[in-house]
Amino acid sequence: MKVLSVASEVFPLIKTGGLADVVGALPLALSASGVEMKTMVPAYPKVKAALTSPVKLHEFDDLLGEKGTLLEAKCEGLDVLVLDAPAYFDRPGGPYTDAAGKDHPDNWRRFAAFSRAGAEIAAGVLGGWRPDLVHVHDWQAAMLPAYMRYAETPEIPSVITIHNIAFQGQFSPAIFSELQLPPHAFSVDGVEYYGDVGFLKAGLQTATAITTVSPSYADEILQPEFGMGLEGLIAARVSSLHGIVNGIDTDIWNPETDKHIEANFSVGDLSERSKNRRALAGRFGLDDDNGPLFCVISRLTWQKGMDVLIDVVDDIVRQGGKLAVLGAGEFAIEGALLAAASRYRGRVGMALTYDEPLSHLMQAGADAILIPSRFEPCGLTQLYGLRYGCVPVVARTGGLADTVINANHAALAMKCATGFQFSPVTPDGMRGILRKVFRLYEDKKTWTKIQKQGMKCDVSWEKSAERYATLYAGLLARDL
Ligand code: ADP
């Protein structure tokens, strides 16, 4: 089965969040099920610089007014197709924003052009390789199924995955005339969205199947609070909606072999873990005492509940805890955390940056990871935490609710608890769970059990990749 996966980021070439990890891990996980997946991404400068011996596959003459070249390369086991369209992607800044952090004003054109190129590949322009199915991710690739729908070539089955419905790619209706779509595409069955053009909406409307990254989030997005305007459309398509939880790359995230950490360890023997804890405390200037060391590795945003975290920092410190935060994001949240770090020297440390190796050391050394997200489609950091014996303390929402077994009375009695869940996501809700965490942390036997039960969880891609492969096979069989 040949599948074209299309996304705006892929690990290890370019990453701003969990999307890249998922897109990077899927092809390898799926190869065991006989799926040959090529992954298409834009040629941002960082991506282009990382390619070794790229081969030119195709020239696109008119991607919404600009030319583009499709390059193919191998990268750490991935087969990547890179769309080199300098007018769109060769510029400073990140994938979506300029160097000052502002959205590129032509993002609609950049990602519509990217999707259009994907649709042409789906239609067979490469000659030698035509996919049987396309799998697109998030709004940046969501126009691809819409381009297929309105093209003359018969469309092939498609899957769209929602990694975060908060990002929808909604633009002024004025852009419609430049999208190279027929006039009737601007309709409720097509790309029209509350009078605007909606990229994610268009994908959800036109893809053969919709997936999202956990069963709970699949239920949640049927409600207005989580669906963010798309709940009606998703409800209408609920028979095509699937919640498939993400896995993690258990080779990259393996405490027994991880090169980014101070000392390797395994579920059979956690004694070496304390060396990572000490190294982590050193990196953040924290006291090396017996109180629990909490970590946060996150975008510093409202979605992630970081304002709630700020409200409970005093409580963490008062109860003898320490906090190490790695992340960047909203200005006010960054400022409040920096202020907490200078108020509580030795108790709160802050690294206002993006640092992949440091994130490994934090999972390997902290006692618990705090994830107070208001909504969380899947979440990956709790899965890394489980794997590294860093106990997840999570909001009861989306994929967090699906992957962490709350240490309530029954779960402790059954010896299956792997972490802590709380709701609502308010300072009082979080204070309540922290009191329990502090209490159980004192009970070293129980705490170690929770760590080890977490480390034994299957957080690999194996089962979820099988579910994707089954979904693909079902769509292809239906198409015959
Ligand atoms: P989201 O994609 O919504 O940001 P996820 O939990 O799904 O959240 O994925 C976040 C990914 O980004 C994880 O791999 C996490 O380790 C990583 N990450 C987030 N912030 C940082 C940071 N400041 N430094 C290093 N890695 C980070």
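Ligands are counted one by one from 1 in listed order, and the atoms in each one are counted from 1 as well.
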Run down the list [options] and name the one with the heavy atom closest to [atom].
atom: atom 20 (N) of ligand 1; options: Ser298, Ala351, Gly327; result: Ser298
atom: atom 23 (N) of ligand 1; options: Thr353, Thr301, Ile248; result: Thr353
atom: atom 21 (C) of ligand 1; options: Tyr354, Phe11, Trp253, Phe375; result: Tyr354
atom: atom 24 (N) of ligand 1; options: Val213, Val296, Val22, Asp355; result: Asp355

Any nitrogen or oxygen of [X], side chain or backbone, less than 3.5 Å from one on ligand 1?
X: Arg299; result: yes
X: Gly18; result: yes
X: Leu380; result: yes
X: Thr16; result: no
X: Lys15; result: yes

Aromatic centroids of [Y] and [X] separated by under 6.0 Å:
X: Tyr472; Y: His135; answer: yes
X: Tyr44; Y: Tyr96; answer: no
X: Trp302; Y: Phe375; answer: no
X: Phe199; Y: Trp108; answer: no

Checklist entry - Do Arg91 and His104 have side-chain heavy atoms sitting under 4.5 Å apart? => result yes
Is the shortest distance from a Lys or Arg side-chain nitrogen in [X] or [Y] to a carboxylate oxygen in the other one below 4.0 Å?
X: Glu330; Y: Arg299; value: no
X: Lys322; Y: Asp287; value: no
X: Asp258; Y: Arg387; value: no

Checklist entry - Hey, are Ser33 and Glu466 close enough side-chain-wise for a donor-acceptor pair under 3.5 Å? => result no
Checklist entry - For ligand 1, is Gly379 a contact, meaning one of its heavy atoms is under 4.0 Å away? => result yes
Item to check | ligand 1 contacted by Lys304 (non-hydrogen, < 4.0 Å) | outcome: yes
Item to check | atom 16 (O) of ligand 1 - nearest protein heavy atom and its distance | outcome: Thr381 CG2, 3.7 Å
Item to check | Proximal atoms of ligand 1 relative to Tyr384 (non-hydrogen, under 4.0 Å) | outcome: 13 (C), 14 (O), 16 (O)
